[in-house]
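Taking it in order: structure first as structure tokens, then the write-up.
The sequence lines fix the lettering, A, B, ..., with proteins before strands; numbering per chain opens at 1.
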Protein chains: 2
Amino acid sequence: MKAGTDLAQIASLVGDPARANMLAALMGGTALTASELAMEAGVTLPTASAHLARLSDGGLLRMTRQGRHRYYALAGHQVAGMLESIMGVAAELGPRKVLPGPRDTAMREARICYDHLAGEAGVAMFDAFAARDLIAIEGDEVNLTTRGAIYFSGFGLDIEAMLEKRRPVCRSCLDWSVRRSHLAGSLGAGLLDRFIALRWVRREKDSRVIRFTPPGRTAFEKLLREA
Amino acid sequence: MKAGTDLAQIASLVGDPARANMLAALMGGTALTASELAMEAGVTLPTASAHLARLSDGGLLRMTRQGRHRYYALAGHQVAGMLESIMGVAAELGPRKVLPGPRDTAMREARICYDHLAGEAGVAMFDAFAARDLIAIEGDEVNLTTRGAIYFSGFGLDIEAMLEKRRPVCRSCLDWSVRRSHLAGSLGAGLLDRFIALRWVRREKDSRVIRFTPPGRTAFEKLLREA
DNA sequence: TTCATACTTTGGTTAGCATCGAACTATGAA
DNA sequence: TTCATAGTTCGATGCTAACCAAAGTATGAA
């Protein structure tokens, strides 16, 4: 009964269409203002404000003020993971009639999952790194190997800074579209940042879809082969 | 927006206290009748009936008639996984005030997760089997090794029958209390069944807690050491 | 200071839905 | 058949919460 109450409390926060749309938008990983989230959810500002207050009180969102803006973001990876798992069930149950449209296909290929790369590209990358011993999978844990630390430093990531933070460098995250793991953690986030900086990929605006540029695609595939 | 609607639809099913209590009860893995679930949720039969209809329509529950009884069970492992992940967030956010009571401690040590062993005992078992090469962890997948097939057959499990079914023999399942993986799949389920048959463990009634019998504890630890 | 923008608070309306009692259906037992 | 148990359907009630408009607060710009 206690378990049920907790369950209901969290789930009911997600269970409202307006709030769910906000949360889905925040799965993109970038913090958004109250107005942007109101737009996203299709409600007026006052309504959005009330919803955001509830989500923050409930611990699902974190807010930071910046001048007269208030930026909202998901409270953490665990929340993002929970949302993914609910989406997974919805995806399993949902496609009674509709076959995956072009948008869904793009999502399946590559998308942002909070702050790192997910979809087929993310899974392929995870597997390739594991095969090259850049990361070591031990049970549920994923760890950076020495080889990996050297390699990723050479790729332009500040591995030392990552190691000092509390956030795990490597984590595996279950992919709802492919049902396999991809790489999360600060390494996963750092890699995606780097891909964007190198113009290998571009975020499609107002969506979680990640598009590879033609040279980016080539470079990414080379990376996986030769890592 | 579409993503948000799907999300909300599923989450709102879980977001009602009565329904959440029913789902939490079904996390025990055993199918329960409508009356039992009504008791569990603390509502009258008509109310429970309406809730169960909604959960079934929503695809979260599966129902089988048996005489004048109707047994309800979770629709599948994905649903169970989703519930665990929501519980995980609740557990992370919840313990503002309360420190874990004796019941929670017992849950942390060993509990049933749908149909297999979870908690510290489950994680220890998973690690021990991996260390002995009875199971092989490859990325997100877990596979039974030949050594494992022989070993578990000797332990009294019908491995051949498991291999023929569609359900994966091995699967890893993330543990919310320990944040590590434990063994799910038909092997995980089969092992728990065997432990119960051998009287190594006992289910505490009306809860997910698993209690080791004193000889069972000894035998279990021996199993982990010598597997 | 004055105006504009970003957001929150308040107040009041509305809609949905959780709930129960009572009546109805179906299965099993005597 | 008749009675009992298990469950569903129906109708009515009441509460919650989602919603918006309007007024209020806070920050930045002119």
Side-chain angles (χ1 to χ4, degrees), chain A residues 1 3-26 30-74, chain B residues 1 4-26 30-75:
Chain A
M1 36 191 70
T5 312
D6 293 349
L7 204 56
Q9 214 156 3
I10 300 296
S12 68
L13 285 175
V14 187
D16 172 81
R19 285 195 295 267
N21 276 313
M22 293 174 173
L23 291 168
L26 290 172
T30 53
L32 298 171
T33 65
S35 316
E36 288 171 323
L37 289 166
M39 284 286 293
E40 201 68 45
V43 294
T44 60
L45 242 186
T47 304
S49 182
H51 283 307
L52 290 168
R54 290 192 60 177
L55 288 170
S56 299
D57 286 349
L60 262 44
L61 256 42
R62 208 165 15 82
M63 189 260 288
T64 54
R65 293 162 206 262
Q66 220 163 98
R68 51 184 166 181
H69 292 281
R70 290 177 179 210
Y71 281 94
Y72 291 88
L74 296 186
Chain B
M1 34 194 71
T5 312
D6 293 348
L7 203 56
Q9 213 156 3
I10 301 294
S12 69
L13 285 174
V14 187
D16 173 81
R19 284 194 295 267
N21 276 313
M22 293 174 172
L23 291 168
L26 291 172
T30 52
L32 298 172
T33 65
S35 316
E36 287 170 326
L37 288 166
M39 284 287 293
E40 200 69 43
V43 294
T44 61
L45 242 187
T47 305
S49 181
H51 284 308
L52 291 168
R54 289 193 59 177
L55 288 171
S56 300
D57 286 350
L60 262 43
L61 256 41
R62 207 164 17 81
M63 189 261 286
T64 55
R65 293 161 204 262
Q66 221 164 97
R68 51 183 166 181
H69 293 280
R70 286 171 185 216
Y71 282 93
Y72 291 88
L74 296 185

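- Heavy-atom distances under 4.0 Å link DNA chain D to B/Thr33, B/Ala34, B/Ser35 of residues 31-38 of chain B, given in residue order.
- Contact between B/Ala34 and B/Ala48 at its shortest, heavy atoms only, is O-CB, 4.4 Å.
- Panel note: side chain A/Arg65, backbone A/Arg70; no donor-acceptor pair is recorded below 3.5 Å.
- For B/Arg68, there are no side chain to side chain contact (heavy atoms under 4.5 Å, CB included) partners two or more places apart in sequence or in a different chain.
- The two residues B/Gly4 and A/Ala20 have their closest heavy-atom pair at O-CB, 3.1 Å.
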Under-3.5 Å N/O pairs linking protein and nucleotides 13-16 of chain C:
none

What verdict does the side chain to side chain contact (heavy atoms under 4.5 Å, CB included) test give for A/Leu23 and A/Leu61, after you've listed the backbone C-alpha separation in whole Å, the side-chain angles of each residue and the deciding distance to 0.1 Å?
CA-CA 9 Å; A/Leu23 291 168; A/Leu61 256 42; 3.6 Å; yes
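- Atom CG of B/Leu52 is separated from atom P of C/dA18 by 13 Å (rounded to the nearest Å).
- The side chain to side chain contact (heavy atoms under 4.5 Å, CB included) check on B/Ala11 picks up A/Val14, with sequence neighbours excluded.
- Note on B/Tyr71: nothing from the nucleic acid sits closer than 4.0 angstrom, heavy atoms only.
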Quick one: what's the B/S/- string for nucleotides 19-30 of chain C, heavy-atom cutoff under 4.0 Å, read 5' to 3'?
SBBB----BS--
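- The nearest pair of heavy atoms linking A/Ala41 to A/Ala18 is CB-O, 3.5 Å.
- Per the geometry, CE belonging to B/Met39 stands 15 Å off C1' belonging to D/dA6, to the nearest Å.
- A donor-acceptor pair under 3.5 Å is formed between the side chain of A/Thr33 and the backbone N or O of A/Glu36.
- The listed nucleotides are D/dA18, C/dC7, C/dC17; the one nearest the side chain of A/His69 is C/dC7.
- Counting to the nearest Å, the P atom of D/dT8 and the CG atom of B/Asp57 are 12 Å from each other.
- Counting heavy atoms from C-beta on, the side chains of A/Tyr72 and A/Leu37 come closer than 4.5 Å.
- Residues A/Leu52 and A/Met22 come closest through the heavy atom pair CD2-SD, 3.9 Å.
- Note on residues 43-55 of chain B: pairs passing side chain to side chain donor-acceptor pair (under 3.5 Å), not counting sequence neighbours, are B/Arg19-B/His51, B/Thr44-B/Thr47.
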